[in-house]
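Below is one structure; the comments refer to it alone.
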Amino acid sequence: MVPLEHVIGLSGLLFVIGTIGALTRRNLIVILMSIELMLNAANLAFVGFARAWGQHDGHIFVLMVIVVAACEVAVGLGIVVALFRNRESVNVEDVSLLKW
Amino acid sequence: MEELLPAILKTLFIIAIAVGAFAPIITWVERKQSAVMQDRIGANRADIAGITLLGLLHPLADVLKLLTKEDVVPRGANRFLHMAAPLIAAIPVIASFAVIPYGGLYEFGETTIHLVVADLDWGILYIFAIASIATYGTVISGWASNNNWSLLGSLRASAQMISYEVTMGLSIVGLFMAFQTLRLTDMAVAQDASFRLLGFLEHFGWIQTLPGWLSWIQLPNWGLFLQPLGFVMFLTCVMAENKRPPFDLPEAESELVAGYFTEYSGMRFGLFYMSEFIEVVVIAALTTALFLGGWAIPFLPQETLIGAVSPVFGTGVATGLCMVLHVLTFFLKVIVMIWLQMQIRWTLPRPRYDQVMDLCWKIMLPLSLANIVVTALVILLITGGTS
Amino acid sequence: MTAQAFFFYFAAALAVVSALGMVLNFRNTVAAAMSLVVTMIGLAIVYVVLEAHLVAALQIMVYAGAIVVVFLFVVMLLNLRSDTFHPARQRLLKAAGALLALGLTAAFLSLMPTALPTVQELPEGFGGYRAVGLALFTRFLLAFEVSSLLLLAAMVGAVVLAKRRID
């Protein structure tokens with residue numbers, strides 16, 4: 001049996017990597033992928049705790065997160081495609097009208 | 001270690017049969033079948049000292065040719081992904097054999113032999129997961145080739161494969177409900193029985209007892225008879241996943257040269273080619289396990305067969321005979337399914353791309369949902385909501 | 001080391017390395033997406049080790065099989081060959097990213113729990129499709145139904161966004 005701390009550690013590590021990607025990368029598609037990575041890290045924590053407690057609630061949460069991730073990708077990539085049509089770019093720095 | 005050795009032996013057996021024997025012979029069957037259907041003589045030129053063996057030496061000649069050809073990576077291509085894509089396409093296809101049972105459970109005294117490599121509780125989900133990985137081989141190969149035809153081919157492939165994956169899953173939900181399991185070995189066992197075609201009259205009390213000859217009309221408890229619509233839809237979807245004609249839009253040679261593998265040569269092309277043929281075997285084996293009763297011999301359940309033979313030859317011989325017969329039955333059904341696929345491949349023309357997508361989203365998806373609802377209603381009626 | 005532990009640490013290393021590969025790949029978005037797929041597969045292996053079989057299968061089917069393919073589809077559709085950014089800003093970003101990584105890792109390590117309890121005996125069929133499905137369609141039925149609404153909204157939203165002109 002793998003100790004729960006290691007599972008949570010892996011989850012945290014992946015979450016940190018995803019956060020860095022989402023904050024420092026400037027390619028919208030990579031930012032979306034980093035957010036997927038963060039969601040996956042959260043999923044891993046849920047599965048780890050579900051295993052530790054021997055209950056299924058964590059698994060259900062993961063299924064819900066997967067649904068949310070699918071929705072997020074569908075809408076997010078729709079926005080990316082619409083953005084590319086108008087600006088010929090997927091760089092977030094080119095979309096700075098609302099920035100002060 | 002005691003568990004590892006049988007697993008390796010079983011893996012080697014199924015790989016040797018499917019990849020080593022079936023796949024090369026299918027390339028020959030395909031050529032001969034097309035020749036017959038197009039009124040040609042067909043593949044008969046490859047020979048060793050004048051012996052052609054009906055063209056059976058062609059697969060050998062193919063392999064020699066592909067192995068000795070130059071392996072070209074086009075300029076501007078992504079070298080690593082270009083090299084890796086055929087492997088990504090081929091490995092998942094071979095890996096899906098792991099959960100397909102090609103025989104049942106046999107007890108020889110102390111030892112039991114279970115003729116499946118991995119008896120997973122979520123076997124069919126494993127197949128779906130593996131199949132969804134195979135999409136990457138086609139998608140990446142087209143992108144990494146730095147060729148517009150390839151890119152168009154892989155764009156088509158990704159849309160087509162994702163769309164049909166949805167319907168493929170939904171089309172066999174009715175089957176899961178009928179057999180109440182996702183484990184492929186349990187499904188095969190459930191299909192090793194038969195039901196009376198008019199038994200429902202008795203079940204609902206519309207007739208006290210069926211008159212003699214009517215109760216003799218029986219059908220094997222196969223998925224094909226329980227879910228005929230599911231069978232047709234599943235076969236359509238897996239054939240679309242395999243991207244062979246009539247669903248060969250991603251590689252449509254009259255439009256896209258060869259689609260996603262235009263830029264491949266030598267054995268890397270050979271891997272794409274082989275994985276397509278291995279997938280034909282996988283499809284045949286999977287539809288056999290799900291819809292054609294797997295290893296089951298119709299109207300001759302395992303206990304009956306062993307019970308009938310063992311008084312004469314003893315239980316050990318009877319079980320062994322049963323095992324051999326079951327494996328032979330399984331591969332016979334696989335051959336029938338392969339023949340059916342060849343027949344479809346050489347009969348139907350290629351539809352337009354929007355027609356392929358319409359078929360998936362506008363016809364098959366609603367039909368598969370309706371199939372689920374109807375199946376649920378029938379099960380509810382028969383069991384009365386208790387099970 | 002048991003087989004379970006071996007697979008866990010192997011898959012964990014695979015997931016972390018490929019996640020780093022995704023975030024640090026500045027040149028090639030398709031390769032980044034492929035790294036994400038490897039991360040997903042690594043996580044699926046971890047889920048199998050943690051007895052979450054259904055979740056593992058869905059992880060590969062939905063994440064690797066559908067979501068990342070859609071990413072690849074969009075990258076190929078827009079034909080993005082490489083990121084074109086100002087190198088000076090990029091250097092600044094890299095430095096900021098490294099700092100951020102150090103800070104976050106330190107914060108995370110300081111919060112890291114130790115000696116968490118774990119149940120040794122699991123109920124029969126834990127993590128299988130029967131048990132999870134039963135929970136999903138009884139205790140969590142409302143969440144399940146609401147998620148279908150969410151999917152519908154996302155679908156409509158994506159269609160509206162993808163239309164060239166709304167007429």
Side-chain angles (χ1 to χ4, degrees), chain A residues 1-10 12-21 23-27 29-30 32-34 36-37 40 43-44 47-48 50-54 56-57 59-60 62-64 66-75 77-82 84-85 90-91 93, chain C residues 4-5 8 12 15-16 19-20 22-23 29 32-33 36 39-40 43 46-47 49-52 54-55 58 62 67 70-71 74-75 78 80 83 85 93 96-97 100-101 104-105 108 112-114 116-119 122-123 126-127 131-132 135-136 140 143 147 150-151 154-155 157-158 161-162:
Chain A
M1 180 53 214
V2 181
L4 180 58
E5 300 91 81
H6 292 193
V7 179
I8 305 304
L10 175 62
L13 206 55
L14 288 177
F15 193 83
V16 169
I17 295 172
T19 317
I20 309 280
L23 289 179
T24 61
R25 292 299 301 269
R26 285 292 169 265
N27 183 336
I29 294 177
V30 179
L32 275 177
M33 289 200 290
S34 304
E36 290 303 317
L37 188 60
N40 264 292
N43 281 356
L44 179 59
V47 171
R51 169 70 185 80
W53 293 109
H56 286 116
D57 304 28
H59 294 184
I60 308 288
V62 173
L63 299 188
M64 294 301 145
I66 289 179
V67 170
V68 172
C71 294
E72 179 226 307
V73 166
V75 176
L77 288 177
I79 294 175
V80 170
V81 172
F84 191 81
R85 281 210 188 108
V90 290
N91 189 341
E93 314 227 316
Chain C
Q4 264 195 341
F8 175 80
V16 170
L20 281 175
M22 182 196 87
V23 171
T29 318
L36 187 62
T39 313
M40 304 294 180
L43 281 179
V46 172
Y47 291 166
V49 173
L50 295 173
E51 312 275 343
L54 179 72
V55 173
L58 287 177
V62 180
I67 292 181
V70 176
F71 273 113
V74 169
V75 174
L78 307 182
L80 304 170
D83 296 9
F85 300 126
L93 275 178
L100 197 63
L104 278 176
T105 317
F108 173 69
M112 188 67 211
T114 48
L116 291 166
T118 298
V119 194
L122 287 171
F126 177 79
V132 178
L136 186 63
F140 297 95
S147 73
L150 180 64
L151 279 171
M155 197 160 67
L161 281 170

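Numbers restart at 1 for each chain; the letters A, B, ... are given by sequence-line order, proteins then strands. The figures here come from the full heavy-atom set of this structure, side chains too, leaving out hydrogens, waters and symmetry mates.
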| field | Closest non-hydrogen atom pair, C:A52 against A:V47 | value | CB-CG1, 3.7 Å
| note | Closest non-hydrogen atoms of A:I60 and C:A135, given as atom of the first, atom of the second and distance, are CD1-CB, 3.9 Å
| request: Evaluate the side-chain contact (heavy atoms from CB on, under 4.5 Å) criterion for residues A:V67 and C:L151: first the C-alpha distance (whole Å), next the side-chain angles of each, then the deciding distance (0.1 Å), finally the verdict. | output: CA-CA 7 Å; A:V67 170; C:L151 279 171; 3.8 Å; yes
| When you look at A:V62 and C:L58, which way does the side-chain contact (heavy atoms from CB on, under 4.5 Å) test go after all the steps? | CA-CA 10 Å; A:V62 173; C:L58 287 177; over 6 Å; no
I want to check something: taking the side chain as every heavy atom from C-beta on, are [X] and [Y] in contact at a cut-off of under 4.5 Å?
X	Y	answer
C:V132	A:L63	yes
A:L44	C:V46	yes
C:L43	A:L14	yes
C:L54	A:H59	no
A:L37	C:T39	yes

Portion of [X] that has a non-hydrogen atom of chain A nearer than 4.5 angstrom:
X	result
C:M40	side chain
C:L100	both
C:F71	both
C:V16	both

| task | Using side chain to side chain contact (heavy atoms under 4.5 Å, CB included) as the criterion, list what pairs up with C:A154, not counting sequence neighbours. | result |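 Counting only residues at least two positions away or on another chain, C:A154 forms a side chain to side chain contact (heavy atoms under 4.5 Å, CB included) with A:C71, A:V75.
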| query | Of all residues at least two apart in sequence or in a different chain, which pass the side chain to side chain contact (heavy atoms under 4.5 Å, CB included) check with A:T19? | reply | A:F15, A:L23, A:M38, C:L104
Residue selection (most heavy-atom pairs with chain C, distance under 4.5 Å) from [options]:
options	value
A:V68, A:L32, A:N40, A:V73	A:N40
A:V16, A:V80, A:V81	A:V16
A:G78, A:A82, A:G18, A:G48	A:G78

| field | Structural part of A:M64 lying under 4.5 Å from a heavy atom of chain C | value |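 Looking at A:M64, just its side chain touches chain C.
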| For A:L13, is it the side chain, the backbone, both or neither that has a heavy atom under 4.5 Å from a heavy atom of chain C? | both
| request: Tell me, with the steps shown, if A:E72 and C:L150 meet side-chain contact (heavy atoms from CB on, under 4.5 Å). | output: CA-CA 10 Å; A:E72 179 226 307; C:L150 180 64; over 6 Å; no
